[in-house]
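One structure below.
Everything numeric here is computed off the predicted structure, so don't read it as measured data. Hydrogens, waters and symmetry mates play no part in the numbers below; they use all other heavy atoms, side chains included. Chain letters run A, B, ... following the sequence lines, proteins first, then strands; residues in each count from 1.
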There are 2 protein chains.
Amino acid sequence: MDTCQVVCVNQERVENAKKKMKCDKVLFDLAEIFKILGEPTRVKILHALSKEELCVCDIASLLNSKQSAISHQLRLLRAAKIVKFRKEGKMVYYSLDDEHIANLFDEGIRHVEE
Amino acid sequence: MDTCQVVCVNQERVENAKKKMKCDKVLFDLAEIFKILGEPTRVKILHALSKEELCVCDIASLLNSKQSAISHQLRLLRAAKIVKFRKEGKMVYYSLDDEHIANLFDEGIRHVEE
DNA sequence: TTAATATATGAACAAATATTCATATATTAA
DNA sequence: TTAATATATGAATATTTGTTCATATATTAA
């Protein structure tokens, strides 16, 4: 709620940066996406789905996790439109919603592996 | 700690995915990077730094935040080698450590804006 | 319909984390 | 040295969030 107390601000630099920056909404949404990707279980789920369409129990087995834990995470990913799903009888098969996430992963992996 | 209880697992799909996946360490590190990017204050800091080198008080002013809050966040970003800094007298100027983060941001913004 | 199975979800708990306040450190100027 | 200023950081607090357990819903088969 409070603002900056220091007095060494260079207004020119600040204004220049501010001028070039995306609006708050875009940056907030961007943080939201990264937050969703910033959790090991979800990263593994998404990375697996980038290789193969899988049902909930496949994922739980692959990650050695409880079914409910995976289901909760998939709910988040669905809400964020990061994964899509199709039902086939009792089973629900998940896959990535579009290429963007895979691209983000590739770029991130390049950063991590170098 | 427990493992999957369900019995509908398709081992072929699971094995195929597992075979193609990056190792746990890479995926964990990837989640770490995304986690760091997944916070509005840090996103704003990094986005600002992608446009202009700034000192701590510039950033605090730009974001209407307390100096100490910014300083704590910069510590995280430094530890993760996402930003670098140079000292000039009392001032400390921060900038992005390399292009990877800017690339991730660009890719993320494309996802968010579409 | 009833039983069995796959998935979803609410509530509770535990763990992680962002911010604030107070204060420490470092640098410059007087 | 002392005062002033920029930044860093420890401790405490409040909030968020991931997992678990129990249970609900949905679908198929008998």
Side-chain angles (χ1 to χ4, degrees), chain A residues 1-10 13-14 28 31-32 34-46 49 53-80 83-95, chain B residues 1-10 13-14 28 31-32 34-46 49 53-80 83-95:
Chain A
M1 354 219 92
D2 274 356
T3 58
C4 175
Q5 329 83 316
V6 292
V7 291
C8 63
V9 176
N10 180 321
R13 282 196 303 263
V14 171
F28 188 84
E32 275 298 296
F34 284 137
K35 180 186 291 181
I36 289 174
L37 302 183
E39 205 279 324
T41 301
R42 288 193 292 270
V43 162
K44 287 181 194 166
I45 292 174
L46 293 171
L49 293 180
E53 184 190 57
L54 296 167
C55 72
V56 178
C57 64
D58 288 340
I59 300 171
S61 166
L62 180 57
L63 304 195
N64 262 268
S65 302
K66 294 275 177 67
Q67 174 268 326
S68 70
I70 300 301
S71 208
H72 278 298
Q73 296 293 12
L74 285 168
R75 190 150 93 111
L76 277 184
L77 294 170
R78 251 166 26 216
V83 300
K84 63 187 175 195
F85 62 96
R86 66 181 178 85
K87 296 191 70 170
E88 193 176 311
K90 280 179 277 202
M91 321 280 282
V92 180
Y93 290 96
Y94 283 87
S95 53
Chain B
M1 355 218 91
D2 276 355
T3 57
C4 176
Q5 326 84 316
V6 291
V7 292
C8 62
V9 177
N10 180 322
R13 282 197 303 261
V14 171
F28 188 84
E32 274 300 295
F34 285 137
K35 180 186 291 181
I36 290 174
L37 302 183
E39 204 279 326
T41 301
R42 289 193 291 269
V43 163
K44 287 182 195 166
I45 291 174
L46 293 171
L49 292 180
E53 185 190 57
L54 296 168
C55 71
V56 178
C57 63
D58 287 340
I59 301 170
S61 164
L62 181 57
L63 304 195
N64 261 268
S65 301
K66 294 275 175 68
Q67 175 268 326
S68 71
I70 299 301
S71 208
H72 278 299
Q73 297 292 12
L74 286 168
R75 189 149 95 111
L76 278 184
L77 295 170
R78 250 164 28 213
V83 300
K84 63 187 176 195
F85 62 96
R86 67 181 177 85
K87 296 191 67 170
E88 194 175 308
K90 279 177 280 203
M91 320 280 283
V92 180
Y93 291 95
Y94 283 85
S95 54

Problem set entry | Phosphate OP1/OP2 of dT19(C) contacted by Ser65(B) side-chain N/O (<4.0 Å) | no
Seminar exercise, completed: Between CZ of Phe34(A) and P of dT17(C) the distance, given in whole Å, is 18 Å
Exercise. In a check of side-chain contact (heavy atoms from CB on, under 4.5 Å) between Arg13(B) and each of Leu54(A), Leu62(A), Ile59(A), which one passes?
Worked result: Leu54(A)
Exercise. On DNA chain D, nearest-nucleotide positions of Ala69(B) versus Gly38(A): which is more 5'?
Worked result: Ala69(B)
Exercise. Across all strands, who's sitting opposite dA15(C) as a Watson-Crick or G-U wobble pair, both distances under 3.5 Å?
Worked result: dT16(D)
Exercise. Can you tell me how far C1' of dA8(D) sits from CE of Met91(B), to the nearest Å?
Worked result: 15 Å
Seminar exercise, completed: To the nearest angstrom, the NZ-P distance between Lys66(B) and dT7(D) comes to 17 Å
For this session: Could you let me know what dC21(C) is paired to, Watson-Crick or G-U wobble, both distances under 3.5 Å, or none if it's on its own?
Result: dG10(D)
Seminar exercise, completed: In terms of heavy-atom contacts, Ala31(A) and Glu39(B) come closest through CB-C, 3.8 Å
Exercise. For the residue pair Thr41(A) and Leu63(A), what are the closest heavy atoms and their distance?
Worked result: O-CD1, 3.9 Å
Exercise. When the distance from CD of Glu39(B) to C1' of dT17(C) is rounded to whole Å, what number comes out?
Worked result: 9 Å
Exercise. If every non-hydrogen atom of Asp58(B) is compared with every non-hydrogen atom of Cys8(A), which pair is closest and at what distance?
Worked result: OD1-O, 4.2 Å
For this session: Could you check which of dA16(C), dT7(C), dT7(D) has an atom nearest any side-chain atom of Lys35(B)?
Result: dA16(C)
For this session: Measure from CD1 on Ile59(A) to C1' on dG18(D) and round the result to the nearest Å.
Result: 17 Å
Exercise. Does a side-chain N or O from Lys90(A) land closer than 4.0 Å to OP1 or OP2 of dT25(D), or not?
Worked result: no
Seminar exercise, completed: Tightest non-hydrogen contact, residues Leu74(A) and Val83(A), listed as O-CG2, 4.3 Å
For this session: Tell me which nucleotide among dT20(D), dT28(D), dA8(C) gets nearest to the side chain of Arg78(A).
Result: dA8(C)
Seminar exercise, completed: Among dA6(C), dT7(D), dA22(D), the one nearest any side-chain atom of Ser68(A) is dA22(D)
Exercise. Taking only N and O in the side chain of Arg75(B), is any of them less than 4.0 Å away from OP1 or OP2 of dG10(D)?
Worked result: yes
For this session: May I ask you to say what Leu76(A) touches in the nucleic acid, namely base, sugar-phosphate or nothing, with a heavy-atom cut-off under 4.0 Å?
Result: sugar-phosphate
Seminar exercise, completed: Nearest heavy-atom contact between Glu53(B) and Ser95(B) is CG-CB, 4.4 Å
Exercise. Pick the nucleotide of DNA chain D nearest each of Lys87(A) and Gln73(A); which residue has the one closer to the 5' end?
Worked result: Gln73(A)
Exercise. Quick one: Arg42(A) CZ to dT19(D) P, roughly how many Å, whole number?
Worked result: 8 Å
Exercise. To the side chain of Val92(B), which of dT19(C), dA8(D), dT7(C) is closest?
Worked result: dA8(D)
Problem set entry | Ring-base stacking, His72(A) with dT9(C) (5.5 Å, 30° cut-offs) | yes
Exercise. Between atom CG in Leu77(B) and atom P in dT9(D), what is the gap in whole Å?
Worked result: 13 Å
For this session: Once you apply the 3.5 Å cut-off to both distances, tell me the Watson-Crick or G-U wobble partner of dT1(D), or none.
Result: dA30(C)
Problem set entry | Glu88(A) CD to dT5(C) P, straight-line distance once rounded to whole Å | 19 Å
Exercise. Counting only side-chain N and O atoms of Tyr94(B), is one of them less than 4.0 Å from OP1 or OP2 of dA8(D)?
Worked result: yes
